[in-house]
Amino acid sequence: MGKKLIPKSPLNYILKFFIFSLGYSLFLNKELVSQSKYTNTWLLGYDTMNLHTRFDFINDNLIISTFKSGIDINGVGIMSDYSGELLFYTNGCKIFNRNHELMQNGDKITPIEWASYCSNGLSLSFNDCFLVIPSELNRNKFFLISPNIDKIDVNGVPWVGNSAFYYHIIDFDSIYPYGIVSSKANILVKGVFNGGGINMCRHGNGSDWWVLFPHLDSNCISIFLFENDEFKFKNKVCFNINYGLRNGSGSTRFSPDGNYFIMSDNYEGISLFKFDRCKGDISFIENIRFDEDTISGSYCEISPNSQFLYVSNRSHCWQIDLNSPDRTSSKTLVATWDGMVPNTRFGGAQLAPDNKIYIACPGTSRFYHVISNPDLKGINCNLIQRAINLPTYNFYTIPSFPNYNLKSDSVNCDLTKIDNIVPVKCRVSLNRRSDNKFLINFNETLLNSKYLNLFDITGNLIFTKDISNLSTYEIDLNHLTQGFYIISVTSKDCGVFTYKIIIGS
(Lines give C-alpha, C1' and ligand atoms only; values in the text may rest on other atoms or scores of the structure.)
Protein backbone atom coordinates (compact mmCIF):
# COMPACT_ATOMS: atom_id res chain seq x y z
CA MET A 1 0.00 0.00 0.00
CA GLY A 2 2.96 2.31 0.56
CA LYS A 3 3.77 4.85 3.17
CA LYS A 4 0.94 6.94 4.53
CA LEU A 5 1.08 10.59 3.59
CA ILE A 6 1.37 12.85 6.59
CA PRO A 7 -0.43 16.10 5.78
CA LYS A 8 1.75 19.12 6.31
CA SER A 9 -0.15 22.21 7.25
CA PRO A 10 0.97 25.71 6.19
CA LEU A 11 0.41 28.42 8.80
CA ASN A 12 -1.50 30.78 6.50
CA TYR A 13 -2.67 32.81 9.41
CA ILE A 14 -0.41 34.60 11.92
CA LEU A 15 0.27 32.64 15.08
CA LYS A 16 1.49 34.65 18.02
CA PHE A 17 3.34 33.00 20.84
CA PHE A 18 5.18 33.97 23.96
CA ILE A 19 8.84 33.16 24.53
CA PHE A 20 10.15 33.22 28.05
CA SER A 21 13.64 34.71 28.30
CA LEU A 22 15.59 32.98 31.04
CA GLY A 23 16.49 35.43 33.79
CA TYR A 24 13.94 38.01 32.64
CA SER A 25 10.25 38.21 33.39
CA LEU A 26 9.65 39.42 29.84
CA PHE A 27 7.52 37.87 27.15
CA LEU A 28 8.20 38.75 23.54
CA ASN A 29 5.57 38.67 20.80
CA LYS A 30 6.74 37.03 17.61
CA GLU A 31 5.05 36.01 14.38
CA LEU A 32 5.29 32.39 13.39
CA VAL A 33 5.35 31.99 9.63
CA SER A 34 5.82 28.78 7.70
CA GLN A 35 6.58 28.67 3.98
CA SER A 36 4.93 26.01 1.86
CA LYS A 37 6.76 24.34 -1.00
CA TYR A 38 3.78 23.50 -3.17
CA THR A 39 5.59 24.77 -6.30
CA ASN A 40 8.94 23.06 -5.81
CA THR A 41 8.48 20.41 -8.50
CA TRP A 42 8.09 21.26 -12.19
CA LEU A 43 7.34 18.74 -14.96
CA LEU A 44 7.83 19.48 -18.65
CA GLY A 45 9.24 18.23 -21.93
CA TYR A 46 9.08 15.04 -23.98
CA ASP A 47 10.96 12.62 -26.20
CA THR A 48 10.08 9.52 -28.20
CA MET A 49 10.54 7.16 -25.21
CA ASN A 50 8.03 8.81 -22.82
CA LEU A 51 10.89 10.63 -21.13
CA HIS A 52 10.26 14.03 -19.54
CA THR A 53 12.20 16.71 -17.68
CA ARG A 54 11.80 17.33 -13.95
CA PHE A 55 12.87 20.41 -11.99
CA ASP A 56 13.24 20.16 -8.21
CA PHE A 57 13.95 23.38 -6.34
CA ILE A 58 15.69 22.41 -3.08
CA ASN A 59 17.08 25.09 -0.78
CA ASP A 60 17.25 27.59 -3.66
CA ASN A 61 19.14 25.09 -5.80
CA LEU A 62 17.73 23.69 -9.04
CA ILE A 63 18.15 19.95 -9.59
CA ILE A 64 17.30 18.76 -13.11
CA SER A 65 16.49 15.12 -13.81
CA THR A 66 14.31 12.99 -16.08
CA PHE A 67 11.43 10.61 -15.48
CA LYS A 68 9.16 8.37 -17.51
CA SER A 69 5.43 8.87 -17.73
CA GLY A 70 2.78 7.61 -20.11
CA ILE A 71 0.89 10.89 -19.91
CA ASP A 72 1.46 13.59 -22.54
CA ILE A 73 3.00 16.60 -20.82
CA ASN A 74 2.40 19.77 -22.77
CA GLY A 75 0.77 22.25 -20.45
CA VAL A 76 0.22 20.59 -17.08
CA GLY A 77 -1.12 21.33 -13.62
CA ILE A 78 1.28 20.20 -10.90
CA MET A 79 1.00 19.95 -7.12
CA SER A 80 3.60 19.10 -4.50
CA ASP A 81 2.89 18.61 -0.82
CA TYR A 82 3.75 21.17 1.84
CA SER A 83 7.36 19.96 2.07
CA GLY A 84 7.91 19.99 -1.70
CA GLU A 85 7.40 16.30 -2.58
CA LEU A 86 5.46 15.70 -5.79
CA LEU A 87 1.84 14.65 -5.17
CA PHE A 88 0.06 14.64 -8.54
CA TYR A 89 -0.15 16.26 -11.95
CA THR A 90 -2.63 16.52 -14.81
CA ASN A 91 -2.65 17.32 -18.50
CA GLY A 92 -6.38 18.07 -18.45
CA CYS A 93 -7.37 14.57 -19.54
CA LYS A 94 -5.98 12.38 -16.76
CA ILE A 95 -4.52 12.80 -13.27
CA PHE A 96 -1.32 10.94 -12.45
CA ASN A 97 0.10 10.33 -8.97
CA ARG A 98 3.65 10.89 -7.73
CA ASN A 99 4.64 7.43 -9.02
CA HIS A 100 3.68 8.58 -12.53
CA GLU A 101 0.74 6.20 -12.59
CA LEU A 102 -2.91 6.91 -13.25
CA MET A 103 -4.51 8.03 -9.98
CA GLN A 104 -7.51 6.09 -8.73
CA ASN A 105 -10.53 7.46 -10.64
CA GLY A 106 -8.18 9.90 -12.39
CA ASP A 107 -9.22 9.21 -15.98
CA LYS A 108 -11.74 11.06 -18.16
CA ILE A 109 -11.80 14.29 -16.17
CA THR A 110 -12.71 16.25 -19.32
CA PRO A 111 -16.40 15.76 -20.24
CA ILE A 112 -15.98 17.19 -23.76
CA GLU A 113 -13.22 16.02 -26.09
CA TRP A 114 -13.09 18.34 -29.08
CA ALA A 115 -11.03 16.72 -31.86
CA SER A 116 -10.58 13.71 -29.51
CA TYR A 117 -7.60 15.30 -27.78
CA CYS A 118 -7.78 13.03 -24.77
CA SER A 119 -8.74 9.82 -26.53
CA ASN A 120 -5.76 10.35 -28.86
CA GLY A 121 -3.41 10.60 -25.90
CA LEU A 122 -2.80 14.33 -26.19
CA SER A 123 -2.96 17.04 -23.52
CA LEU A 124 -4.93 20.28 -23.30
CA SER A 125 -1.92 22.39 -24.24
CA PHE A 126 -3.04 25.85 -23.18
CA ASN A 127 -1.15 28.24 -20.93
CA ASP A 128 -2.45 29.07 -17.45
CA CYS A 129 -5.48 26.77 -17.59
CA PHE A 130 -5.00 24.70 -14.39
CA LEU A 131 -5.21 25.74 -10.73
CA VAL A 132 -4.84 23.68 -7.56
CA ILE A 133 -6.18 24.88 -4.20
CA PRO A 134 -5.09 23.09 -1.01
CA SER A 135 -7.91 22.70 1.49
CA GLU A 136 -7.57 24.79 4.64
CA LEU A 137 -9.75 22.30 6.52
CA ASN A 138 -8.07 19.03 5.54
CA ARG A 139 -4.38 18.88 4.62
CA ASN A 140 -5.05 15.68 2.67
CA LYS A 141 -7.51 17.31 0.25
CA PHE A 142 -6.94 19.37 -2.90
CA PHE A 143 -9.24 21.06 -5.40
CA LEU A 144 -8.12 20.98 -9.04
CA ILE A 145 -9.61 23.40 -11.58
CA SER A 146 -9.32 22.35 -15.23
CA PRO A 147 -10.95 23.29 -18.55
CA ASN A 148 -12.49 21.41 -21.41
CA ILE A 149 -11.51 22.20 -24.98
CA ASP A 150 -14.42 22.83 -27.28
CA LYS A 151 -15.75 24.67 -30.30
CA ILE A 152 -16.98 28.06 -29.16
CA ASP A 153 -18.60 31.07 -30.75
CA VAL A 154 -16.84 34.39 -30.14
CA ASN A 155 -19.28 37.09 -31.19
CA GLY A 156 -20.25 35.16 -34.31
CA VAL A 157 -16.74 33.91 -35.13
CA PRO A 158 -16.01 30.14 -34.80
CA TRP A 159 -13.18 29.51 -32.35
CA VAL A 160 -11.50 26.78 -30.35
CA GLY A 161 -11.30 27.48 -26.64
CA ASN A 162 -13.13 26.64 -23.43
CA SER A 163 -16.85 26.72 -22.78
CA ALA A 164 -16.54 25.71 -19.13
CA PHE A 165 -14.20 25.10 -16.22
CA TYR A 166 -14.62 22.18 -13.83
CA TYR A 167 -13.31 21.33 -10.41
CA HIS A 168 -12.22 17.95 -9.08
CA ILE A 169 -11.57 16.86 -5.48
CA ILE A 170 -8.45 14.81 -4.77
CA ASP A 171 -8.06 13.05 -1.40
CA PHE A 172 -5.18 11.24 0.27
CA ASP A 173 -5.58 8.86 3.22
CA SER A 174 -4.34 5.53 4.58
CA ILE A 175 -6.45 3.62 2.06
CA TYR A 176 -5.37 5.79 -0.88
CA PRO A 177 -1.87 7.04 0.01
CA TYR A 178 -1.28 7.86 -3.66
CA GLY A 179 -4.53 9.74 -3.97
CA ILE A 180 -8.05 9.24 -5.27
CA VAL A 181 -10.21 11.59 -7.31
CA SER A 182 -13.20 11.44 -4.99
CA SER A 183 -15.27 13.83 -7.08
CA LYS A 184 -14.70 15.02 -10.63
CA ALA A 185 -16.07 17.17 -13.44
CA ASN A 186 -18.11 19.42 -11.16
CA ILE A 187 -19.18 22.43 -13.19
CA LEU A 188 -17.72 25.67 -11.84
CA VAL A 189 -18.37 28.29 -14.51
CA LYS A 190 -19.75 28.31 -18.05
CA GLY A 191 -19.02 30.91 -20.70
CA VAL A 192 -16.71 31.68 -23.59
CA PHE A 193 -13.07 31.58 -22.51
CA ASN A 194 -9.70 31.64 -24.19
CA GLY A 195 -7.43 28.61 -23.98
CA GLY A 196 -6.01 29.67 -20.60
CA GLY A 197 -5.50 32.76 -18.55
CA ILE A 198 -7.25 31.82 -15.32
CA ASN A 199 -5.50 32.73 -12.10
CA MET A 200 -6.01 33.03 -8.35
CA CYS A 201 -4.83 35.12 -5.43
CA ARG A 202 -4.83 34.56 -1.68
CA HIS A 203 -7.56 36.45 0.15
CA GLY A 204 -6.43 39.21 2.49
CA ASN A 205 -7.43 37.01 5.42
CA GLY A 206 -4.59 34.63 4.52
CA SER A 207 -6.86 31.59 4.20
CA ASP A 208 -9.34 31.89 1.35
CA TRP A 209 -8.75 32.39 -2.38
CA TRP A 210 -10.05 34.65 -5.15
CA VAL A 211 -10.28 32.86 -8.52
CA LEU A 212 -10.56 34.90 -11.73
CA PHE A 213 -11.89 33.75 -15.13
CA PRO A 214 -11.41 36.29 -17.97
CA HIS A 215 -14.03 35.96 -20.71
CA LEU A 216 -13.15 35.88 -24.39
CA ASP A 217 -16.37 37.27 -25.87
CA SER A 218 -16.48 40.37 -23.67
CA ASN A 219 -14.27 42.60 -21.53
CA CYS A 220 -15.50 40.84 -18.43
CA ILE A 221 -13.96 38.77 -15.64
CA SER A 222 -15.93 36.34 -13.46
CA ILE A 223 -14.70 36.29 -9.85
CA PHE A 224 -15.22 33.42 -7.42
CA LEU A 225 -14.38 33.14 -3.73
CA PHE A 226 -13.12 29.81 -2.42
CA GLU A 227 -13.71 29.49 1.32
CA ASN A 228 -14.41 26.57 3.63
CA ASP A 229 -13.86 24.17 0.72
CA GLU A 230 -16.64 25.79 -1.31
CA PHE A 231 -16.66 27.90 -4.46
CA LYS A 232 -18.90 30.94 -4.24
CA PHE A 233 -19.64 33.21 -7.18
CA LYS A 234 -18.93 36.85 -6.29
CA ASN A 235 -19.68 38.79 -9.46
CA LYS A 236 -18.89 39.33 -13.11
CA VAL A 237 -17.02 42.59 -13.63
CA CYS A 238 -17.06 44.23 -17.07
CA PHE A 239 -14.80 47.07 -18.20
CA ASN A 240 -15.61 49.95 -20.52
CA ILE A 241 -12.44 50.00 -22.61
CA ASN A 242 -11.97 50.47 -26.34
CA TYR A 243 -10.23 47.18 -27.11
CA GLY A 244 -10.69 43.49 -26.43
CA LEU A 245 -8.90 42.09 -23.42
CA ARG A 246 -8.29 38.68 -25.00
CA ASN A 247 -8.00 39.22 -28.74
CA GLY A 248 -4.87 37.08 -29.06
CA SER A 249 -2.62 34.80 -27.06
CA GLY A 250 -0.94 35.70 -23.80
CA SER A 251 -0.96 35.04 -20.07
CA THR A 252 -2.30 36.40 -16.79
CA ARG A 253 -0.44 37.04 -13.56
CA PHE A 254 -1.02 38.40 -10.07
CA SER A 255 1.85 40.33 -8.59
CA PRO A 256 3.40 38.39 -5.68
CA ASP A 257 1.88 40.89 -3.22
CA GLY A 258 -1.55 40.41 -4.79
CA ASN A 259 -2.09 44.12 -5.50
CA TYR A 260 -2.00 43.89 -9.31
CA PHE A 261 -3.68 41.63 -11.83
CA ILE A 262 -2.05 41.71 -15.27
CA MET A 263 -3.10 40.35 -18.66
CA SER A 264 -0.72 40.16 -21.61
CA ASP A 265 -1.98 39.95 -25.18
CA ASN A 266 -0.01 39.85 -28.41
CA TYR A 267 -2.44 42.26 -30.10
CA GLU A 268 -3.24 44.66 -27.28
CA GLY A 269 -0.15 44.63 -25.06
CA ILE A 270 -0.53 44.79 -21.28
CA SER A 271 -3.80 45.38 -19.42
CA LEU A 272 -3.06 46.45 -15.85
CA PHE A 273 -5.62 46.16 -13.06
CA LYS A 274 -5.64 47.05 -9.37
CA PHE A 275 -6.87 44.24 -7.15
CA ASP A 276 -8.28 44.42 -3.62
CA ARG A 277 -7.41 41.20 -1.81
CA CYS A 278 -9.85 41.88 1.01
CA LYS A 279 -12.96 42.64 -1.05
CA GLY A 280 -12.13 40.87 -4.29
CA ASP A 281 -12.72 44.12 -6.21
CA ILE A 282 -10.86 44.76 -9.45
CA SER A 283 -10.42 48.03 -11.36
CA PHE A 284 -8.76 48.82 -14.68
CA ILE A 285 -5.70 51.10 -14.49
CA GLU A 286 -4.14 51.37 -17.94
CA ASN A 287 -3.10 49.75 -21.21
CA ILE A 288 0.60 49.56 -22.11
CA ARG A 289 1.49 48.77 -25.71
CA PHE A 290 4.62 47.73 -27.55
CA ASP A 291 5.98 48.35 -31.03
CA GLU A 292 5.90 44.63 -31.78
CA ASP A 293 2.19 44.16 -30.95
CA THR A 294 0.40 41.66 -33.26
CA ILE A 295 3.20 39.11 -32.90
CA SER A 296 2.11 35.54 -32.28
CA GLY A 297 2.52 35.54 -28.51
CA SER A 298 3.05 37.79 -25.50
CA TYR A 299 3.68 36.58 -21.95
CA CYS A 300 4.33 38.24 -18.61
CA GLU A 301 5.67 37.67 -15.11
CA ILE A 302 6.41 39.90 -12.08
CA SER A 303 9.52 40.17 -9.91
CA PRO A 304 9.48 38.77 -6.34
CA ASN A 305 9.37 42.31 -4.89
CA SER A 306 6.29 43.07 -7.04
CA GLN A 307 7.96 46.11 -8.61
CA PHE A 308 9.04 44.97 -12.06
CA LEU A 309 6.80 43.50 -14.74
CA TYR A 310 8.55 41.47 -17.44
CA VAL A 311 6.94 41.06 -20.86
CA SER A 312 8.22 38.41 -23.30
CA ASN A 313 7.33 39.37 -26.88
CA ARG A 314 9.16 36.63 -28.75
CA SER A 315 12.20 38.59 -29.93
CA HIS A 316 12.24 41.12 -27.09
CA CYS A 317 11.95 41.03 -23.32
CA TRP A 318 10.82 44.25 -21.64
CA GLN A 319 10.80 45.47 -18.06
CA ILE A 320 8.16 47.88 -16.70
CA ASP A 321 8.45 49.59 -13.33
CA LEU A 322 5.04 49.21 -11.69
CA ASN A 323 6.03 51.77 -9.04
CA SER A 324 6.79 54.45 -11.63
CA PRO A 325 4.30 57.35 -11.97
CA ASP A 326 4.66 56.90 -15.74
CA ARG A 327 4.74 53.15 -16.32
CA THR A 328 4.69 53.40 -20.11
CA SER A 329 7.80 55.58 -20.13
CA SER A 330 9.51 53.16 -17.73
CA LYS A 331 9.58 50.43 -20.40
CA THR A 332 13.13 49.14 -20.66
CA LEU A 333 14.40 46.61 -23.18
CA VAL A 334 16.37 44.11 -21.10
CA ALA A 335 17.09 41.55 -23.82
CA THR A 336 16.88 41.03 -27.57
CA TRP A 337 16.94 37.51 -28.93
CA ASP A 338 20.42 36.85 -30.30
CA GLY A 339 19.29 34.37 -32.96
CA MET A 340 22.17 32.01 -32.26
CA VAL A 341 19.94 28.92 -31.88
CA PRO A 342 16.68 28.49 -33.85
CA ASN A 343 13.40 28.24 -31.95
CA THR A 344 14.77 29.91 -28.81
CA ARG A 345 12.88 33.19 -28.72
CA PHE A 346 11.15 34.38 -25.52
CA GLY A 347 7.89 32.70 -24.50
CA GLY A 348 5.95 31.90 -21.35
CA ALA A 349 7.52 32.87 -18.01
CA GLN A 350 7.18 31.75 -14.39
CA LEU A 351 8.66 32.99 -11.11
CA ALA A 352 10.37 30.05 -9.41
CA PRO A 353 11.00 29.18 -5.72
CA ASP A 354 14.61 30.36 -6.12
CA ASN A 355 13.28 33.89 -6.94
CA LYS A 356 14.47 33.67 -10.53
CA ILE A 357 12.18 33.95 -13.55
CA TYR A 358 12.36 31.08 -16.03
CA ILE A 359 11.30 31.67 -19.64
CA ALA A 360 10.30 28.92 -22.07
CA CYS A 361 10.91 29.08 -25.80
CA PRO A 362 7.87 29.41 -28.13
CA GLY A 363 8.38 26.29 -30.19
CA THR A 364 10.23 22.99 -30.00
CA SER A 365 13.43 23.59 -28.07
CA ARG A 366 15.79 22.17 -25.45
CA PHE A 367 16.40 25.45 -23.65
CA TYR A 368 15.01 27.76 -20.98
CA HIS A 369 16.10 31.37 -20.52
CA VAL A 370 16.57 32.73 -16.98
CA ILE A 371 16.24 36.20 -15.43
CA SER A 372 18.73 35.80 -12.59
CA ASN A 373 18.04 39.01 -10.64
CA PRO A 374 14.48 40.09 -11.45
CA ASP A 375 14.30 42.51 -8.49
CA LEU A 376 16.98 44.71 -10.09
CA LYS A 377 16.23 47.56 -12.48
CA GLY A 378 17.00 47.47 -16.21
CA ILE A 379 19.64 45.20 -17.66
CA ASN A 380 20.93 44.54 -14.14
CA CYS A 381 18.15 41.96 -13.95
CA ASN A 382 20.62 39.80 -15.91
CA LEU A 383 18.59 37.84 -18.45
CA ILE A 384 20.72 34.89 -19.59
CA GLN A 385 19.65 33.40 -22.91
CA ARG A 386 19.54 29.58 -23.01
CA ALA A 387 20.78 29.39 -19.43
CA ILE A 388 19.19 25.94 -18.97
CA ASN A 389 19.93 23.10 -21.37
CA LEU A 390 17.03 20.69 -20.94
CA PRO A 391 17.60 16.91 -21.11
CA THR A 392 14.49 16.54 -23.32
CA TYR A 393 12.71 18.62 -25.92
CA ASN A 394 10.07 21.06 -24.73
CA PHE A 395 7.19 22.55 -26.71
CA TYR A 396 6.21 25.95 -25.30
CA THR A 397 5.49 24.47 -21.86
CA ILE A 398 6.25 26.15 -18.56
CA PRO A 399 4.29 25.44 -15.36
CA SER A 400 2.10 28.16 -13.89
CA PHE A 401 1.64 28.65 -10.14
CA PRO A 402 0.00 31.22 -7.85
CA ASN A 403 1.73 32.61 -4.76
CA TYR A 404 0.81 30.05 -2.12
CA ASN A 405 2.87 31.86 0.54
CA LEU A 406 1.15 35.24 0.39
CA LYS A 407 0.42 36.24 3.98
CA SER A 408 -2.65 37.91 5.43
CA ASP A 409 -3.00 41.63 4.80
CA SER A 410 -3.35 42.84 8.38
CA VAL A 411 -2.88 46.48 7.31
CA ASN A 412 -5.68 46.74 4.75
CA CYS A 413 -8.02 44.02 5.99
CA ASP A 414 -9.89 44.24 9.27
CA LEU A 415 -9.04 40.69 10.21
CA THR A 416 -11.04 40.83 13.41
CA LYS A 417 -14.14 41.22 11.26
CA ILE A 418 -13.12 38.80 8.55
CA ASP A 419 -11.85 35.65 10.18
CA ASN A 420 -11.47 36.14 13.91
CA ILE A 421 -15.16 36.27 14.81
CA VAL A 422 -16.34 32.83 15.82
CA PRO A 423 -20.06 32.19 16.32
CA VAL A 424 -21.08 31.88 19.95
CA LYS A 425 -22.26 28.33 19.37
CA CYS A 426 -18.69 27.33 18.45
CA ARG A 427 -16.73 26.58 21.61
CA VAL A 428 -13.46 24.76 22.24
CA SER A 429 -11.77 24.50 25.62
CA LEU A 430 -8.32 23.14 26.43
CA ASN A 431 -7.29 22.12 29.94
CA ARG A 432 -4.08 20.65 31.29
CA ARG A 433 -4.98 17.41 33.10
CA SER A 434 -1.66 16.33 34.55
CA ASP A 435 1.93 16.99 33.65
CA ASN A 436 1.91 17.25 29.86
CA LYS A 437 -1.51 15.77 29.11
CA PHE A 438 -4.22 18.06 27.75
CA LEU A 439 -7.96 17.53 27.40
CA ILE A 440 -9.81 19.29 24.59
CA ASN A 441 -13.59 19.66 24.76
CA PHE A 442 -15.88 20.54 21.85
CA ASN A 443 -19.50 21.61 21.93
CA GLU A 444 -22.11 19.98 19.71
CA THR A 445 -21.48 22.29 16.74
CA LEU A 446 -17.98 20.86 16.47
CA LEU A 447 -18.95 17.20 16.38
CA ASN A 448 -18.57 17.04 12.61
CA SER A 449 -15.40 17.12 10.50
CA LYS A 450 -12.39 18.56 12.33
CA TYR A 451 -8.63 18.08 12.51
CA LEU A 452 -6.06 18.61 15.22
CA ASN A 453 -2.56 19.81 14.31
CA LEU A 454 0.46 20.17 16.59
CA PHE A 455 3.29 22.57 15.61
CA ASP A 456 6.63 23.27 17.19
CA ILE A 457 7.92 26.79 17.83
CA THR A 458 9.33 27.11 14.30
CA GLY A 459 6.05 26.22 12.62
CA ASN A 460 6.96 22.65 11.68
CA LEU A 461 4.06 20.22 11.80
CA ILE A 462 4.71 17.45 14.34
CA PHE A 463 1.54 15.46 13.74
CA THR A 464 -2.06 15.75 12.64
CA LYS A 465 -5.12 13.71 13.56
CA ASP A 466 -8.68 13.45 12.31
CA ILE A 467 -10.84 13.94 15.42
CA SER A 468 -14.20 14.11 13.68
CA ASN A 469 -17.28 13.13 15.69
CA LEU A 470 -15.44 13.39 19.02
CA SER A 471 -16.74 15.55 21.85
CA THR A 472 -13.48 15.26 23.80
CA TYR A 473 -9.93 14.35 22.93
CA GLU A 474 -6.95 13.83 25.22
CA ILE A 475 -3.49 14.50 23.87
CA ASP A 476 -0.43 13.17 25.70
CA LEU A 477 2.69 15.24 24.98
CA ASN A 478 5.06 13.73 27.55
CA HIS A 479 7.25 12.40 24.75
CA LEU A 480 8.12 15.91 23.55
CA THR A 481 11.14 17.92 24.65
CA GLN A 482 10.42 20.93 26.81
CA GLY A 483 9.55 24.16 25.07
CA PHE A 484 6.72 26.02 23.38
CA TYR A 485 4.18 24.33 21.10
CA ILE A 486 0.96 25.28 19.31
CA ILE A 487 -2.19 23.17 19.13
CA SER A 488 -4.69 24.09 16.42
CA VAL A 489 -8.14 22.66 15.78
CA THR A 490 -9.56 23.26 12.31
CA SER A 491 -13.29 22.87 11.75
CA LYS A 492 -15.27 23.44 8.58
CA ASP A 493 -18.12 25.06 10.50
CA CYS A 494 -16.21 27.10 13.06
CA GLY A 495 -12.81 27.93 11.57
CA VAL A 496 -9.49 27.62 13.38
CA PHE A 497 -8.79 27.62 17.14
CA THR A 498 -5.18 27.90 18.31
CA TYR A 499 -3.61 27.42 21.75
CA LYS A 500 -0.07 28.16 22.91
CA ILE A 501 1.24 25.63 25.43
CA ILE A 502 4.47 25.03 27.33
CA ILE A 503 5.86 21.53 27.80
CA GLY A 504 7.91 21.24 30.95
CA SER A 505 10.82 18.92 31.73
Which pair of heavy atoms, one from I198 and one from C129, lies closest together, and at what distance? CD1-O, 3.7 Å
Could you label the plane-to-plane angle of the F290 and W318 rings as parallel, tilted or perpendicular, counting under 30° as parallel and over 60° as perpendicular? tilted
Note: E268 and D265 closest approach over all heavy atoms is N-OD1, 3.0 Å
Can you check whether Y243 and Y267 have ring centres sitting under 6.0 Å from each other? no
Distance check, rounded to the nearest 0.5 Å: I95 atom CD1 versus I170 atom CD1? 4.0 Å
Please report whether the ring centroid of W337 lies less than 6.0 Å from that of H316. no
Counting C-beta onward and ignoring hydrogens, is there a side-chain heavy-atom pair between I262 and L322 closer than 4.5 Å? yes
Taken to the nearest 0.5 Å, the spacing of S372 OG from N355 CG works out to 12.0 Å
Does F57 have K37 sitting over its ring (NZ/CZ under 6.0 Å from centre, angle to axis within 45°)? no
Centroid-to-centroid, Y89 to H100, below 6.0 Å? yes
Looking at D338 and R386, does any basic side-chain N land under 4.0 Å from a carboxylate oxygen? yes
Heavy-atom closest contact (L309 atom, C300 atom, distance): CD1-CB, 3.8 Å
Between E301 and K356, is there a salt bridge with N-O shorter than 4.0 Å? no
Does the pair R327/E286 count as a salt bridge with the N-to-O cut at 4.0 Å? yes
Beyond-backbone contact of L212 with F261, side-chain heavy atoms, under 4.5 angstrom: yes
Is NZ or CZ of R253 both nearer than 6.0 Å to the six-membered ring centre of Y310 and within 45° of the ring axis? no
Could you tell me whether H369 and Y358 have their ring centroids closer than 6.0 angstrom? no
So that I can tick it off, tell me whether D107 and K184 are bridged by a salt bridge, with the cut-off set at under 4.0 angstrom between side-chain N and carboxylate O. yes
When you compare the side chains of H168 and S183, does any donor N or O come within less than 3.5 Å of an acceptor on the partner? no
Does either side chain, that of N313 or that of S298, offer a donor lying less than 3.5 Å from an acceptor on the other one? yes
Suppose we call two aromatic rings close when their centres sit under 6.0 Å apart. Are F275 and Y260 close by that rule? no
Do R314 and F346 meet the cation-pi criteria used here (NZ or CZ under 6.0 Å from the six-membered ring centre, within 45° of the axis)? no
Can a donor-acceptor pair be found between the side chains of N266 and S249 at a distance below 3.5 Å? yes
Less than 4.0 angstrom from a charged side-chain N to a carboxylate O is my criterion; do D276 and K274 meet it? no
F224 ring centre to K232 NZ or CZ under 6.0 Å, with the angle to the axis within 45°? no
Taking the six-membered ring for Trp, are F55 and Y368 closer than 6.0 Å centroid to centroid? yes
Neighbour count above 12 (heavy atom, 6.0 Å) for F284 CZ: yes
Aromatic ring proximity Y38/Y404, centre distance under 6.0 Å: yes
Scan F231, F165, F233 and name whichever one has a ring pair (Phe, Tyr, Trp, His ring centres under 6.0 Å) with F213. F165
Pair D326 + K331, salt bridge at N-O below 4.0 Å: no
Where I145 and V211 come nearest, the two heavy atoms and their spacing: CD1-CG1, 4.0 Å
Minimum-distance pair of heavy atoms, taken over all atoms of L225 and H203: CD1-CD2, 3.8 Å
